[in-house]
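This report concerns only the one structure given below.
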Amino acid sequence: MRAARSALKARHRQYEVRARMLELQAREADLRDSEQKFLAIANSVDQMIWTTRPDGFHDYYNDRWYEFTGVPAGSTDGEGWNGMFHPDDQERAWSVWRHCLETGETYQIEYRLRHRTGQYRWVLGRAQPVRDDDGRIIRWYGSCTDIHEQVLARESLAESREHLETAVRDRTAELADLYTKTPVALHSLDASERLVSVSDRWLAFMGYDSRDEVIGRKILDFISAESLAAHDSQYRQSLFESGVVEDLPYVCIKKNGELADVLISARTTIAPDGTVSRIMASIVDVTERKRAEAARDMAESALRQSQKLETIGQLTGGVAHDFNNLLMAIRSSLELMERRLPAGDDRLAKLLENAILATDRGAGLTQRMLAFARKQELDAQAVNVEALLEGTRDLLERSLGPQVEISYAISPDTTEAHVDANQLELALLNLCVNGRDAMDGNGRLIIALDNVESGELGSGTYVRIAITDTGTGMDAATLAQAMEPFFTTKGVGKGTGLGLSMVYGFASQSGGTLRLLSEPGKGTTAELLLPVAKDAVQRRPVESVESPVSALRTEKATILAVDDDVLVLMGTVGLLEDMGYEVLKANSGKKALEILATRADIDLVITDHAMPKMTGVQLAELIHDGRPDLPIILATGYAEMPEGGERHISVRLEKPFPEKRLSQAIAQALPSGGSIVSSSDRKTG
């Protein structure tokens with residue numbers, strides 16, 4: 001029994017061993033089948049597949065690995081694979097791999113793997129552990145994926161992005177620098193119209209030192225209230241309807257309070273919600289341009305005025321000649337009538353006196369017309385204006401009346417003026433009478449005298465005579481026309497409108513100017529600016545001239561009178577004959593030369609200037625070709641002396657002239673005070 005039981009046990013063991021053997025054989029078959037499947041799968045994928053033991057020892061690579069690397073099979077088992085990495089990636093790859101072996105974390109890293117071509121290509125290495133039922137790592141399965149093109153594309157994209165970011169940063173910095181450094185005054189506003197940024201030029205233009213002084217302030221703080229009232233509604237309507245404003249005129253207020261004319265242009269930036277997020281604006285300073293335009297307008301106005309005066313002057317010259325000839329004929333006839341008037345007829349004497357005074361007024365009117373047209377002859381010399389004012393004090397007091405108080409403000413260091421003293425007296429009287437009329441004959445007149453610097457007429461010092469009244473003053477429109485010829489605010493018959501024009505013409509012809517300053521209710525100041533005398537030469541006092549008739553010897557002087565106007569010639573001859581002279585007459589230059597050719601005893605020639613075919617100056621030149629010592633008086637209603645003509649003229653006599661002035665002229669022209677001397681003793685007049 002024991003033997004049977006032992007045999008049975010042995011048989012059972014044999015069955016168990018056989019069963020185990022069959023099981024092992026089945027497992028081996030399954031393992032081989034699984035391994036074949038793994039190898040088939042591993043060698044069919046595009047990735048490089050590898051496995052390691054739990055300690056990291058590489059014991060398998062698929063065909064793709066050897067195909068990619070080109071190394072012999074088995075050459076990279078164990079730690080040989082690390083030599084396949086790019087030298088710059090070896091330490092990093094080993095460090096990450098050791099960390100994963102120690103921690104069991106999933107392995108993932110990018111590195112460069114040597115390709116069979118000898119170049120290195122970027123691959124993505126991944127591995128994860130396989131654990132048993134107890135959680136122990138029994139194997140690592142990994143792969144390497146060729147990502148070289150992706151890495152290059154990524155690097156290229158990153159490089160492009162970096163370049164783009166750099167370009168954006170540079171462009172942003174450039175634009176910011178351009179904004180702050182631009183020579184244009186720029187600013188930006190937020191939706192509430194507060195300053196967000198300003199350019200350097202804006203700060204410099206407005207006079208601020210730093211942006212802290214202005215950022216956050218309302219733009220309205222820097223614009224004058226007047227220009228806001230005039231243009232703000234247009235600005236807002238254009239800006240918020242169309243988003244653009246161009247060249248709107250404003251007046252800016254700088255830090256120091258100075259005002260500047262500017263043109264503002266602006267454009268809005270719209271936020272995603274449709275509201276205005278930013279307002280970008282520029283400021284262009286046009287202050288100097290507006291000043292230049294104002295100066296140009298003034299110059300154009302002055303040019304028009306000059307052309308107007310030139311036209312009127314040309315007309316005035318012709319009118320003055322003919323008018324003065326008529327007045328001369330009238331005056332000489334009146335004086336001859338007055339001399340022949342029967343004694344005791346006071347009524348007729350008064351009428352003749354009135355007629356003579358009327359001719360004097362007519363002559364004065366002609367002189368004023370010539371003055372504003374700058375056609376009068378001026379005898380400019382160095383004049384002590386202070387002494388002249390003192391000399392006219394009595395005349396002004398009598399002319400202005402007792403209700404006008406005259407006070408003087410004389411600067412002690414005033415220099416002499418280069419001016420015609422007689423014309424200056426007339427100009428002062430004219431200005432003072434205007435002031436009296438502006439005060440209705442009752443008020444205060446202040447006459448000031450000093451020296452001033454003026455850039456208006458060219459740099460230099462000028463003598464200023466300022467006459468200020470306490471009258472009603474003038475508004476801007478009246479002031480702009482006040483010096484125009486024939487403009488007057490006086491009633492009909494109370495003014496010719498030539499007073500201020502005459503003074504302005506005289507001042508301009510003298511090298512100075514007349515300025516009027518006036519406001520309604522504040523009176524008027526007339527400033528007469530005259531050039532300072534460079535060489536102060538005292539004017540020689542006019543010597544009293546004894547009547548030439550009494551100074552003559554009993555021997556009569558022979559005078560040749562020449563005039564193409566029969567009436568004037570007749571009057572002049574009558575005056576000369578009444579004065580005791582033998583008079584020959586000629587109605588043309590040709591006739592005068594014919595008479596001179598036959599009469600060697602002629603002592604003096606009195607000739608008109610504006611005659612047909614031959615002027616008085618031309619006649620004088622021809623006379624002096626044969627008789628250079630013969631004195632010649634040029635009697636003219638109006639004429640501008642041609643260049644060089646004065647050397648042939650002894651005395652110039654303005655028509656209409658009274659007998660007294662004719663006597664003085666003859667006394668000046670004839671040697672020895674009007675007595676007759678031989679031709680050999682005569683000198684050129």
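When a residue number appears, it is its place in the shown sequence, counting from 1.
- Look at Asp285 and Arg201 and you find no salt bridge, because none of the NZ, NE, NH1 or NH2 atoms lies under 4.0 Å from a carboxylate O.
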Donor-acceptor contacts, no H, no angles, side chain residues 254-271, under 3.5 Å, sequence neighbours left out:
from, atom 1, to, atom 2, distance (Å)
Lys255, NZ, Glu213, OE1, 2.8
Asn256, OD1, Glu258, N, 2.9
Ser265, OG, Asp247, N, 3.0
Ser265, OG, Asp247, OD1, 3.2

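- Between Tyr504 and Thr513 there is a side-chain heavy-atom pair separated by less than 4.5 Å.
- Here Tyr107 pairs with Trp97 under the ring-ring contact (aromatic ring centres under 6.0 Å, His included) rule; sequence neighbours left out.
- In terms of modelled atom types and a separation under 3.5 Å, the side chain of Gln90 and the main chain of Phe85 share a donor-acceptor contact.
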Derivation and outcome, side chain to side chain contact (heavy atoms under 4.5 Å, CB included), residues Leu203 and Asp209: CA-CA 7 Å; Leu203 289 173; Asp209 299 322; over 6 Å; no
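- Side-chain atoms of Glu527 and Val452, non-hydrogen and from C-beta on, never get closer than 4.5 Å to each other.
- In this structure, Cys144 and Tyr61 have side chains that are not in contact, with every pair of non-hydrogen atoms separated by 4.5 Å or more.
- More than 12 heavy atoms of other residues, nucleotides or ligands lie within 6.0 Å of CZ in Arg296, so this atom counts as buried by the packing criterion.
- Applying the ring-ring contact (aromatic ring centres under 6.0 Å, His included) criterion to His115, with sequence neighbours excluded, gives Phe68.
- In this structure, CZ in Arg217 is found 8.5 Å from CG in Leu195, a value given to the nearest 0.5 Å.
- A pairwise comparison of heavy atoms in His58 and Thr76 identifies CB-O, 4.2 Å as the closest pair.
- Residue Arg18 holds its CZ atom at 11.5 Å from CD of Glu16, rounded to the nearest 0.5 Å.
- Closest approach of Val196 to Leu189, counting heavy atoms only: CG2-C, 3.8 Å.
- Here Lys522 pairs with Glu519 under the salt bridge (Lys or Arg N to Asp or Glu O under 4.0 Å) rule; sequence neighbours left out.
- Scanning both residues, Ser197 and Ser188, for their nearest heavy atoms gives OG-OG, 2.5 Å.
- Phe222 meets the ring-ring contact (aromatic ring centres under 6.0 Å, His included) test with Trp202, Tyr208; sequence neighbours excluded.
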Check against side chain to side chain contact (heavy atoms under 4.5 Å, CB included), Phe205 and Val198: CA-CA 11 Å; Phe205 170 66; Val198 295; over 6 Å; no
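- Shown here for Leu516 and Ala526, the closest heavy-atom pair between the two residues is CD2-CB, 3.7 Å.
- In this structure, the side chains of Tyr141 and Ile49 stay at 4.5 Å or more apart for every pair of heavy atoms.
- Counting only distance, with no hydrogens or angles, the side chain of Asp63 and the backbone of Tyr66 share no donor-acceptor pair below 3.5 Å.
- Using a 4.5 Å cut-off on side-chain heavy atoms (C-beta onward), Thr51 and Trp140 make no contact.
- Using a 4.0 Å cut-off between charged side-chain N and carboxylate O, Glu288 and Arg291 make a salt bridge.
- Remark: Glu105 pairs with no residue by the salt bridge (Lys or Arg N to Asp or Glu O under 4.0 Å) rule, at least two apart or across chains.
- Put simply, the side chain of His163 reaches to within 4.5 Å of the side chain of Glu159, judged on heavy atoms.
- A salt bridge links Arg211 with Asp200: at least one charged nitrogen is closer than 4.0 Å to a carboxylate oxygen.
- Within the 4.5 Å cutoff, side-chain heavy atoms of Leu528 are placed close to those of Val503.
- If you take OG on Ser227 and CD1 on Ile253, they are separated by 7.5 Å, rounding to the nearest 0.5 Å.
- Between the side chain of Arg194 and the backbone N or O of Gly216, at least one donor-acceptor pair lies under 3.5 Å.
- Pairing each heavy atom of Pro54 with each of Arg139, the nearest pair is CG-N, 4.2 Å.
- Residues His187 and Val214 form no side-chain contact, since every pair of their non-hydrogen atoms from C-beta on lies 4.5 Å or further apart.
- Residue pairs meeting the salt bridge (Lys or Arg N to Asp or Glu O under 4.0 Å) criterion with at least one partner in residues 90-100, sequence neighbours excluded, are Asp89-Arg92, Glu91-Arg98.
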Side chain to side chain contact (heavy atoms under 4.5 Å, CB included) between His418 and Leu530, intermediate numbers included: CA-CA 7 Å; His418 185 70; Leu530 300 170; over 6 Å; no
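- From Ser160, atom OG reaches atom CD of Glu165 across 11.0 Å, with rounding to the nearest 0.5 Å.
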Steps toward side chain to side chain contact (heavy atoms under 4.5 Å, CB included) verdict (Asn451, Val463): CA-CA 5 Å; Asn451 280 5; Val463 177; 3.8 Å; yes
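- In this structure, OG1 in Thr524 is found 4.0 Å from CE in Met474, a value given to the nearest 0.5 Å.
- The NE2 atom of His86 sits 13.0 Å away from atom CE of Met84, with the distance rounded to the nearest 0.5 Å.
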Scan the side chains in residues 145-153 for donor-acceptor partners under 3.5 Å anywhere in the protein, sequence neighbours excluded, and list what turns up.
from, atom 1, to, atom 2, distance (Å)
Asp146, OD1, His148, N, 3.1
Asp146, OD2, Arg121, NE, 3.1
Asp146, OD2, Arg121, NH2, 3.3
His148, ND1, Trp122, N, 3.0
Glu149, OE1, Arg121, NH2, 3.0
Glu149, OE2, Arg121, NH2, 2.9

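- Partners of Asp132 according to the salt bridge (Lys or Arg N to Asp or Glu O under 4.0 Å) rule, which considers only residues two or more places apart in sequence or in another chain, are Arg136.
- Take Thr166 and apply the side chain to side chain donor-acceptor pair (under 3.5 Å) test, not counting sequence neighbours, and it matches Arg169.
- Other residues, nucleotides and ligands place no more than 12 heavy atoms under 6.0 Å from the CD atom of Gln119.
- More than 12 heavy atoms of other residues, nucleotides or ligands sit less than 6.0 Å from atom CG of Asp134.
- For Ser282, there are no side chain to side chain donor-acceptor pair (under 3.5 Å) partners two or more places apart in sequence or in a different chain.
- Of all heavy-atom pairs between Pro129 and Gly104, the closest is CG-O, 3.6 Å.
- The side chain to side chain donor-acceptor pair (under 3.5 Å) test applied to Arg116 returns no partner, not counting sequence neighbours.
- No salt bridge links Glu293 with Lys290; every basic N to acidic carboxylate O contact stays at or beyond 4.0 Å.
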